[in-house]
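These numbers were taken from a predicted model, which means no experiment stands behind them. Throughout, a chain's letter reflects where its sequence line sits, starting with A, and its residues are numbered from 1. Because only heavy atoms are used, hydrogens play no part in the values below, and waters and symmetry mates are left out as well, while side chains stay in.
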2 protein chains.
Amino acid sequence: MTHQHERSDCPGCAAPELAFSAHDHAHCAADALARAEAVTSAAGVRLTPVRRRVLEILLEEHRALGAYDVLGRLAAEGFGNQPPVAYRALEFLVEQGLAHRIQRLNAFTACIHPGEQHAPAFLICRNCAAVAEAEAGPARAALDAAAARVGFTIERSTIEALGLCPACRESTS
Amino acid sequence: MTHQHERSDCPGCAAPELAFSAHDHAHCAADALARAEAVTSAAGVRLTPVRRRVLEILLEEHRALGAYDVLGRLAAEGFGNQPPVAYRALEFLVEQGLAHRIQRLNAFTACIHPGEQHAPAFLICRNCAAVAEAEAGPARAALDAAAARVGFTIERSTIEALGLCPACRESTS
DNA sequence: TATATGAATGTAATATCATAACAGGTCAAG
DNA sequence: CTTGACCTGTTATGATATTACATTCATATA
Ligand SMILES: [Zn+2]
Ligand SMILES: [Zn+2]
Ligand SMILES: [Zn+2]
Ligand SMILES: [Zn+2]
């Protein structure tokens with residue numbers, strides 16, 4: 001796994017389960033935004049106002065937002081109010097590795113450690129809706145092995161889990 | 001892994017990648033349907049005409065069909081032509097373990113070895129749209145471990161891979 | 001500076017996927 | 001029979017997503 005940033009500086013790398021922990025989220029979000037600037041600048045693509053604003057909106061919480069939730073926010077702020085406005089910005093963020101799509105929720109969440117090439121697993125709390133990225137290396141390796149055994153070539157894979165985060169497990173028990 | 005049927009009799013168990021192999025599919029489908037009868041009868045639920053027909057439709061090919069594809073077929077055969085007709089039958093089949101929902105495709109595929117409690121990984125060919133069930137035990141174990149490490153309790157998980165099946169890999173290279 | 005170019009955004013229209021709510025029919029238990 | 005649970009049909013609506021085209025913006029030349 002190669003990084004474009006130092007592990008020691010990256011809250012996401014230090015604690016991918018960040019979404020479930022108390023933490024300085026203002027710093028967490030500002031950090032991700034700063035990384036996003038760096039990543040896009042390095043890639044020679046533009047983090048335009050809409051795109052940047054969508055990322056900020058996703059970064060407000062460690063949750064996944066539907067495209068129409070994002071669109072509502074954008075429209076209220078004077079951006080376009082038609083679906084493509086939101087979908088295009090979200091697609092851009094996903095392509096650049098700044099956000100992830102959560103298939104189970106038909107929704108999008110900001111990446112907590114952009115800049116690193118990664119394909120994490122997602123842990124989705126069914127009670128509080130928090131979404132955390134989890135280490136998916138071993139699971140992916142096992143899946144690759146199973147696919148290879150039958151001659152299937154994996155190009156993209158989705159690993160998502162629904163359940164209870166530590167806090168909700170406590171409170172609902 | 002416990003079975004309600006013998007491994008030696010079960011094409012699905014013998015070759016979960018069946019979808020990618022030449023095989024006697026008429027037998028494969030008839031077999032799955034027979035198992036479905038057994039499973040539902042044992043569970044005390046009813047495999048009504050609509051439900052049975054939906055399963056037959058899904059069993060025609062090792063692909064995933066959208067609810068509206070199924071609905072179109074049903075309507076053409078004199079069943080109801082409104083979405084709930086298809087969604088309810090599909091929901092029933094999924095609940096009974098006779099079909100699976102493919103999140104990535106918003107579509108449904110017949111289970112190739114119903115009767116066994118299982119949560120497989122799905123291998124989806126982006127070229128021919130075939131969907132195979134793959135052994136997900138090790139991948140799930142790895143995911144469980146990653147989740148446990150951060151205190152997350154998994155209740156349901158989705159493992160799906162998109163890529164090329166053996167045949168399409170050959171033909172497109 | 002002018003102007004060509006491609007990228008990004010805005011908008012209308014439409015397609016696709018999914019559920020809520022209620023009415024009527026079927027069937028077996030009491 | 002009648003009751004009650006379950007299943008089916010239908011209307012209506014909601015939620016998610018894409019196509020197509022017009023317009024604006026940034027930037028790189030001439
Ligand atoms: Zn945070
Ligand atoms: Zn990420
Ligand atoms: Zn078959
Ligand atoms: Zn199955």
Separation of [N] [atom2] from [X] [atom1] (nearest whole Å):
| X | N | atom1 | atom2 | value |
| --- | --- | --- | --- | --- |
| A/Leu93 | C/dT9 | CG | P | 11 Å |
| B/Leu71 | D/dG9 | CG | C1' | 12 Å |
| A/Arg104 | D/dT16 | CZ | P | 15 Å |
| A/Leu105 | D/dA15 | CG | C1' | 14 Å |
| A/Leu47 | C/dA8 | CG | P | 11 Å |
| B/Gln82 | D/dT13 | CD | P | 13 Å |
| B/Leu90 | D/dC7 | CG | C1' | 15 Å |
| B/Ile102 | C/dC17 | CD1 | C1' | 16 Å |

Any idea which of [options] is nearest the [X] side chain?
| X | options | result |
| --- | --- | --- |
| A/Phe79 | C/dG10, D/dG9, C/dA8 | C/dG10 |
| B/Pro83 | C/dG10, D/dA12, D/dT18 | D/dA12 |
| B/Asn106 | C/dA12, C/dC17, D/dT11 | C/dC17 |
| B/Arg88 | D/dT11, C/dT11, D/dG9 | D/dG9 |
| A/Arg46 | C/dC27, D/dT8, D/dA26 | D/dA26 |
| A/Tyr87 | C/dA20, D/dT18, C/dC22 | D/dT18 |

For this session: For atom CZ of B/Arg169, decide whether the heavy atoms of other residues, nucleotides or ligands shown that lie under 6.0 angstrom number more than 12.
Result: no
Less than 4.0 angstrom between a side-chain N/O of [X] and OP1 or OP2 of [N], yes or no?
| X | N | result |
| --- | --- | --- |
| A/Arg51 | C/dA8 | yes |
| A/Thr48 | C/dA7 | no |
| A/Asn81 | C/dG10 | no |

Which of A/Ile102, A/Leu65, A/Leu59 passes side-chain contact (heavy atoms from CB on, under 4.5 Å) with A/Thr109? It is A/Ile102
Review point. Where does the angle between the aromatic ring planes of B/His100 and B/His118 fall among parallel (under 30°), tilted (30 to 60°) and perpendicular (over 60°)?
Key: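 If you compare the ring of B/His100 with that of B/His118, the planes turn out tilted.
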- Can we say A/Arg35 and A/Asp31 salt-bridge, meaning some charged N sits less than 4.0 Å from an Asp/Glu carboxylate O?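 Yes, this pair counts.
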Mapping B/Gly78 and B/Tyr68 to their closest nucleotides on DNA chain D, which lands nearer the 5' end?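 It is B/Gly78 whose nearest nucleotide is closer to the 5' end.
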What one should report as the nearest heavy-atom pair of B/Gly66 and B/Ala107 is N-CB, 3.9 Å
